[in-house]
Amino acid sequence: MGELRLMKGNEVLAEAAIRCGCDGYFGYPITPQSEVMETLMARQPWNETGMTVLQAESEVASINMVYGAAGSGKKVMTSSSSPGISLMAEGISYIAGAELPCLIINVQRGGPGLGTIQPSQADYFQSVKGGGHGDYKMIVLAPASVQEMNDFVDLGFELAFKYRNPAMILTDGAIGQMMERVELADFKPRWTDEEVKTKSGAWATVGKTTDRERNVVTSLEMDSAKMEANNLRFQQKYKQMEEEDCRYEEIRCDDAEYILVAFGTSSRVCQKSVEIARAKGLKVGLLRPITLFPFPKKAINRLAEKAKGFLSVEMSAGQMIEDIKLAVYEAGKNTRVEHFGRMGGIIPAPGEVVEALEEKFSWEISYGVKRYY
Amino acid sequence: MELKDIIKPENLVYDKSQVQTDTIMHYCPGCSHGVVHKVIAELIGELGIQERTVGIAPVGCAVFAYNYIDVDWQEAAHGRAPAVATGVARLNPDKFVFTYQGDGDLASIGSGEIMHACNRGENILVVFINNGIYGMTGGQMAPTTLDGMVTSTTPFGRNADLNGYPMKITELIAQLPGTSYVTRQAVHNAASVRKCKRAIKKGIQNVLAKKGTSFIEVVSTCNSGWKMTPVAANKWMEDNMFPFYPLGDLKDGVKGEPVSKN
Ligand SMILES: Cc1ncc(C[n+]2csc(CCOP(=O)(O)OP(=O)(O)O)c2C)c(N)n1
């Protein structure tokens with residue numbers, strides 16, 4: 001068993017970064033995630049592991065520092081919250097275009113605009129559909145506990161390097177700020193320069209030796225035919241992610257007639273909603289996507305066979321619901337999909353979710369049969 | 001005597017640097033980018049630092065700099081090269097990292113990134129090509145465009161009331177304690193190329209000695225954007241650019257020291 005501690009979600013992100021052998025962190029303060037950099041600065045990992053921590057002048061600069069450091073083959077990360085991630089969109093697109101691995105953390109807050117510092121899940125579209133320009137995808141991990149905040153840092157780097165692609169931990173102010181028991185990982189050493197050369201040296205700017213071509217990290221390709229070939233390769237990579245690295249959790253779905261679909265904070269709420277609904281005699285289960293991209297389409301398709309309906313519970317106006325509908329549609333099924341959400345930094349209450357379920361599926365609940373779109 | 005009798009190894013007095021590739025440059029004839037590239041490649045070769053060098057390419061005409069200088073490169077988003085260089089240099093302190101940027105890149109969209117990288121004293125060399133115009137996108141106004149100068153977005157000449165004043169970015173940079181060497185050079189004739197080469201050499205050596213940021217502006221021509229022949233562009237630069245952007249060192253000290261008096 002690893003070391004047990006009571007820690008804040010944001011602090012754990014910092015601790016996990018140090019322990020997994022991260023080489024560098026570049027960031028800019030914004031609530032509700034500033035503890036990530038504050039913890040790193042207080043821990044002084046440069047003395048312990050040699051990890052670099054730098055407060056940049058802006059999110060635009062921090063993501064470009066990440067781009068540079070990732071391009072040199074190192075394990076690098078940044079963290080921010082919604083408005084800051086918007087500023088990083090340019091850099092994220094370049095990183096995806098240049099096929100560099102890195103970890104980006106979004107501790108979401110309510111928007112649009114300056115919004116509120118309270119938790120939200122309204123950056124779902126921005127995270128899973130691109131956010132920056134061009135046809136690219138990020139691997140998006142959605143932790144639902146402080147423990148998963150810890151675990152997903154290492155996992156995020158692993159997937160980022162597997163695919164040479166940016167990975168994001170999409171969490172929110174509630175999980176960032178909450179304290180829970182966490183089992184910390186054991187320390188992994190940072191890669192030595194020699195290891196960097198063997199792991200990333202084929203493409204990274206590790207220094208051109210006379211026996212090889214120069215390595216150029218770029219997203220530029222003036223020849224449209226070649227650029228299309230690049231895009232096709234990217235799409236192939238995203239397909240592979242869907243095949244090999246889609247993660248989700250099912251809670252009491254085996255006999256469920258109604259499936260709540262929720263990630264992160266809202267999935268924690270929905271665990272309680274399942275209990276309340278079950279106590280009322282409603283057969284309700286919870287599907288929790290852990291990777292938002294790749295999205296657990298196959299699980300939705302399978303559940304759609306039996307389920308009378310899906311309720312997408314989100315702290316947004318309804319964004320993930322589109323992916324659920326798409327999954328149901330692509331499988332040729334027409335099970336009804338509804339949405340319940342709160343916005344502006346409000347976390348839905350478990351009973352509220354059950355009420356919404358009863359209201360939206362009142363027809364099915366009364367007559368006991370499936371109604372289609 | 002025929003050409004083949006002249007071009008013989010024993011007659012060779014000047015050669016292309018080994019650090020320059022064979023790729024034919026895409027720059028317009030008379031453009032300063034090619035000359036500065038050549039100088040940088042020569043210096044990397046002469047100082048024996050090819051295996052330690054990482055270049056950061058800009059957006060603008062020099063976007064393809066990586067096709068010509070035979071080192072590892074990263075291409076940066078418009079203006080972000082100093083941040084990208086910071087990421088590389090911080091995690092690779094044994095490397096020689098330099099950015100190569102135009103005036104649109106460095107003084108306009110990237111004005112924030114350059115100020116802060118220089119102020120932190122990142123251990124990098126910045127080569128700043130000031131041709132007073134956006135070359136690549138077809139000759140629009142840059143922050144460095146001179147007062148009265150005609151560009152595609154100032155067709156009646158730059159007017160300070162309407163378009164703001166031309167910006168002396170290098171003078172601003174010289175104020176920042178993170179810089180150790182700030183100079184303004186040109187490459188319009190053989191003597192100035194030699195001077196510029198000495199300046200860039202000093203900049204590289206400062207970085208190797210970890211003295212913080214070295215910043216080298218090269219006042220340059222853009223024949224195409226200025227709509228002049230190369231010869232006329234050089235003359236115009238001497239008559240108009242040099243009085244406003246005087247050549248010479250602005251700062252030659254060490255990082256962290258106040259601005260020098262000379
Ligand atoms: C975000 C963004 N905005 C605008 C552009 C378009 N753009 C490409 S090059 C350039 C100007 C470059 O001018 P300068 O840096 O002076 O270099 P030069 O071409 O003169 O060498 C612009 C505006 C871009 N590539 N990216």
Heavy-atom proximity to chain A below 4.5 Å, by part of [X]:
| X | answer |
| --- | --- |
| Val54(B) | side chain |
| Ile49(B) | neither |
| Ala76(B) | backbone |
| Asn92(B) | side chain |
| Phe64(B) | side chain |

Legend entry - Thr78(A), Asn64(A), Ile95(A) screened by side-chain contact (heavy atoms from CB on, under 4.5 Å) with Met88(A), the one that passes: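 Among the candidates, only Thr78(A) passes.
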
Inset, instruction - To the nearest 0.5 Å, tell me how far Ser82(A) OG sits from Asn106(A) CG. - result: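 If I round to the nearest 0.5 Å, the distance is 5.0 Å.
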
Measure distances from [X] to the heavy atoms of chain B and classify the residue's part below 4.5 Å as side chain, backbone, both or neither.
| X | answer |
| --- | --- |
| Val76(A) | side chain |
| Ser93(A) | neither |
| Tyr94(A) | side chain |

Inset, instruction - Apply ring pair (Phe, Tyr, Trp, His ring centres under 6.0 Å) to Phe215(B) and list each qualifying residue two or more places apart in sequence or on a separate chain. - result: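 For Phe215(B) the ring pair (Phe, Tyr, Trp, His ring centres under 6.0 Å) partners, ignoring immediate neighbours, are Phe128(B).
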
Inset, instruction - Specify which of Asp94(B), Val97(B), Asn67(B) makes the most heavy-atom pairs with chain A at under 4.5 Å. - result: Asn67(B)

Inset, instruction - Sort out for me which of Gln74(B), Gln18(B), Glu75(B), Glu51(B) touches chain A most, counting heavy-atom pairs under 4.5 Å. - result: Gln74(B)

